[in-house]
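A short worksheet on the structure shown next.
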Amino acid sequence: MSRIHVSTTINGDDVDYLCEAGDTLLDVLRDQLDLTGSKEGCASGDCGACTVRLDGRLVCACLVLGAEAEGRSVETIEGMAEGEELHPLQRNFINKAALQCGICTPGILVAAKDLLERNPDPTEEEVRYWLAGNLCRCTGYDKIIRTVLETAAEMRGAA
Amino acid sequence: MKFETPQTVEQAVALLAADSGARVLAGGTDLLVRLRAGHIAPSAIVDIKHIDGMGEITQQADGGWRIGAGVPCAAMGEHAGLVADYPGVVEGAELIGSTQVQGRCTMVGNLCNAGPAGDSVPALVAAGAMVRVAGPNGTRDVPVLHIPTAPGKTSLAKGEFVTSVYLPPRGARGGDAYLRFIPRTEMDIAVVGCAVNVILEEDGTVACAGVALGAVAPTVLLVAEAAEALIGTKCDDAALAACAAAATAAATPIDDKRGTVAFRKDVSGVLARRAAKLAYVRAKGD
Amino acid sequence: MAKDEFQSRQFKVVGTRVPRPDGLDKVTGRARYGADMTAPGMLFGFCLRSPHAHARIRAIDTSAAEAMKGVKAVVTRADFTVTPQDQGTRDILDNVMAGAKALYDGHTVAAVAATSRSVALAALKAIKVDYEVLPHVTDVDEAMKPEAPVLHEGRQQESVPEGYSQNVLARSQYGHGDVEAGFAKADLIVERSFKTAATHQGYIEPHACLASMGNDGQGDLWCCTQGHYMVRNTCSAIMGMEAGRLKVTASEIGGGFGGKTTVFLEPVALMLSKKSGKPVKMTMAREEVLRASGPTASTSIDIKIGMTKDGKITAAQGDFRYQNGCFYAMNGALGAMCGFAPYHLENVETVGWEVVTNRPKAAAYRAPGAPMAAFAVESVIDEMAKELGLDPIELRLKNAADEGTKSAYGPTYPAIGLKATLEAAKAHPHWSAPLGPNQGRGVACGFWFNFGGDTCVSLMINPDGTVSLSEGNPDIGGSRASMSMMAAEELGIPYEQVRTVIADTATLGQNEVTDGSRVTFAVGLATIKAARHAIEIMKARAAQLWGIAPEAVEWVDGAAQPAGPNAGKFPPMTLKEIAETASNTGGPIAGHFEVNAEGAGVSFGTHIADTEVDPETGAVKVLRYTVFQDAGKAVHPDYVEGQLQGGAVQGIGWALNEEYIYGEDGTLQNAGYLDYRIPVASDLPMIDPVILEIPNPGHPYGVRGVGETGIVPPLATLANAVSRAAGVRLTSLPMSPPKVLAAIKAKG
């Protein structure tokens, strides 16, 4: 089976890979590039565990073909911290117990970071609707929503 | 399976015309799900997003809007002019899936998928929107209403694909709204969807109306009786009740995992009344 | 073993909100879950699943698949040549690879390992299965009828009376007193029937494993599970190998809630690896998780309660019929035991039924069997409170179980916290807040047993004075943190000085599955005891250096110090100082403890919910939710709150929207997150957790399990709130909008 050569940018680095036409971006990230922080919970865009940014827009990596990433820019959970400096959301998710099993956490962090970059002062309702595509089965969302709101306030204070 | 990235409409038409197993990829939020589940096995995927204009929203000389087939629904919500003219069309488009799905999904994909419950379709139909279809014999403009013919089936011929949607000029005193019923607050397929588009006389009387229902028939329904119930009125309670009754009467739903016949018929009327009221308020602009 | 009596103490570490040690890995994407591991030369394994609800397998032709390039192994039931000794393990084998019959839509009938996903999936399509489709049954009441299609012959236990289908595998009965006499004393008797749909645990991480099995009879398995010792024991029995030859390592686990307390892919992956001679990775798609893992039971329940005018229960009766999927499970019995457990009853009689149907075998789901029973019982109690004009909390307080109550399922309670949760609920501002139109408030109680079980812990004092703790239960929601906290507390050292790891099956002795809310209780108990063991050794080392008797040394604030007549003679020796000199005082220091932990301590909760019902559409909005639960002692309050909140929200999903929907053909109609509707963030309000601490007498720190009880009251709480908001009693879950609207319209 002939494979497609793709040149793309992932977390700021140039990356080349070969993929089958039917491989999703999530397949490529996980199985070829060992970027397993993006998780497969459903492969149908219903759970958000594979949330990444593609050219600055939030998408489910399971709903993008690997071949579509040619010439584009992909941001994953692995690129969220700056070196050893965690993003305030990452730090607060640990300190405020906003995760239990942690499987949904990468997707939620990527989505929440995107929200706060677009809207530094969201309401609780806005956070809840923005994250409605990120399923979490452990927490009941309470501590996740609180932590996003508290981090937004903290980041506004620091800005 | 091949992956193609045509740069022009003509190249795309040629690829699609030459290979009946080829599938168009726009946002991919339906196509990739079906591919992964093994429900389809296309011979080629034709990504149309590299074609000029596919990702653009432009106001036309007549004041109407042209929305490219590759425009993700999230971009519609970010377009102030489009939101001001067609809040109902935009809210329908923005109800598809999650924030993440919004970053990819398109109205044209939603339409050509031909699911009975597509959220972006009723408001287009209520507004009298057209699509531009490119094919081996050139382009043609077709009412949105005429694209889906049955669940999963469209009127597009071999080699044809939709390149854009056209919304007529909004003009003064027009407004629209789309409401859907789902069991949760997000992430569900519509159990019932209803869009209402109205244009008012100077005195606030409804001059022209469109009422469209989704998920209650094999394809989207344009309910003339429900529109007629509004025309000539100021959307008073009696007019709204008549509109609701007409919507309930027109719905021919099925029982399935998402809802019952009785429920869908009832809720068709409820949503028609609520959407009409909202569209009317928007049209009046107060 | 004697119970470890609770002793009151001032905590320094326990009760604080420290950061969890696995947090960094989990917020950066580094943490490795079931599907995140690879091995050199690894193959991809996938299952072929039955499209029929019930079918005899006449033949399977795998020759075309085997001939395909890249296909390295194909397995069917014929490859599993060992018959496990006990019926439970034979059922598991029958479940992971169908034998003579496919028993449900999604039942695995063959599996393939190939060099790529695409080749493996193509090979599955090349396998030809000759099915003889049989009549099927998926509803519990239908399956009990004598004329129902029968799944298994000869499995019925003697407890089942004449006149029932062979699908009724067992009947169990509990209670005491004379219910007929009790009903005769009642001023009001209410008798109602209830139905609940099957639901799924809904963990976001699908099942996944990586197996490596050589022809030397040794194997390695990496998988996401709630219990890798269970995986080892079950898989080795199925593979016909000695348990010690199979090493199982638990990956990080992306949720379980009971659904990962058994095996699905693991024996298949081992067999594919054995046959191909290469490592094999298997992951389930979401569709497979829903069709073919272990959802919970659906139920049909009858409740009859008699009450005096002032709200005293005179008699209670319940018939709990549970649909357990295609093999025996003990869910109906648990329902029959739990339903009336919150009450002090003179006369009570319950019967539980275990029924098989053509559905995937039910696995545990958070307090298995209890939420549905509480839904039925608490709904009737609410209806009677309304009928008699009594406050629903007062009515429950009047009948609440307390220390010394003979429980509905037999044992007499020690100190319990039910009344405390009810009193807290009554005093909470939520209970007296005003309600608007179309709004209703519900309250309900719930009970769960909790469990202890086999547990091993090793605690190593490292040469630099840090402490490494090994435990054998996967960390689903912060247990590494709570174990480190309890070790630090007992040793008298800072939390940061202790690091807890989850050992593989070759590194630590047998551990019971992470179930029954047992980990913080049982592993915590073993951790404390292992720390005490290490302290004894450290005291002896200090005594040796000081030249005094070990009994003359005490352990205070992380240091040995001379006591009694020697007090003050030597400066205290800290743990770090003892560790640094250990090599010279006899060698490395480690404590360990192995136990079958008893005294878990039962748990109770009371929930309050406010809902608003749209009378035109039947849509339900949850406006406010408060949980009151007894935690014994909350080791890490953040994660206790998280358990209460998460349990409540799973219960809300169960009450409102989640359900397994089977078609006429017996196939699952909603095998995806699109139509299996678990709650999303925008569906919910904040969930207010109120932790009560009534110490468990059976744990040194008073700890009780908290994980499961939180899912028991919500079904009833929501049903009571919705019924009051809608003005009509809802008796069938989920309370989906079509059902609610139909009930409102039927009431007129």
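All values below were derived from every heavy atom in this structure, side-chain atoms included, with hydrogens, water molecules and symmetry-related copies excluded. Lettering follows sequence order; numbering is per chain, from 1. From a predicted model like this one, the values you see are computed outputs, not experimental measurements.
The minimum heavy-atom distance linking C/Asp665 with C/Ala53 is given by the pair O-CB, 3.9 Å. Here the closest heavy-atom approach between residue B/Gly28 and residue B/Arg104 is recorded as CA-NH2, 4.3 Å. Minimum interatomic distance between C/Asn670 and B/Lys257 (heavy atoms only, all atoms of both residues): CB-CD, 4.4 Å.
Heavy atoms of C/Ser736 lying under 4.5 Å from chain B are absent altogether. At a 4.5 Å heavy-atom cutoff, the contact between C/Glu616 and chain B is made by backbone and side-chain atoms alike. Looking at C/Asn657, only its side chain comes within 4.5 Å of chain B, counting heavy atoms on both sides. At a 4.5 Å heavy-atom cutoff, the contact between B/Arg258 and chain C is made by backbone and side-chain atoms alike. Neither the backbone nor the side chain of C/Lys621 comes within contact range of chain B; no heavy atoms are under 4.5 Å apart. If you measure heavy-atom distances from C/Leu674 to chain B, the contacts under 4.5 Å come from both the backbone and the side chain. Contact annotation for C/Arg286: neither backbone nor side-chain heavy atoms come within less than 4.5 Å of a heavy atom of chain B.
Looking at C/Arg49, its side chain never comes within 3.5 Å of a backbone N or O of C/Val109 through a donor-acceptor pair. Remark: side-chain polar atoms of C/Thr62 are not paired, donor with acceptor, to backbone N or O of C/Ala65 under 3.5 angstrom. B/Asp176 places no side-chain N or O within 3.5 Å of a backbone atom of B/Ala279 that could act as its donor or acceptor partner.
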Item to complete: Given side chain to side chain donor-acceptor pair (under 3.5 Å), test C/Tyr662 with C/Gln669 step by step and report yes or no.
Response: CA-CA 6 Å; C/Tyr662 279 92; C/Gln669 303 295 295; over 6 Å; no
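Ranked by heavy-atom pairs under 4.5 Å with chain B, the first of C/Asp675, C/Val680, C/Ile661 is C/Asp675. Most heavy-atom pairs under 4.5 Å with chain B: of the set C/Lys739, C/Arg117, C/Lys745, this distinction falls to C/Arg117. The greatest number of non-hydrogen atom pairs below 4.5 Å with chain C, out of B/Asp256, B/Val191, B/Leu271, B/Ile189, is found for B/Ile189.
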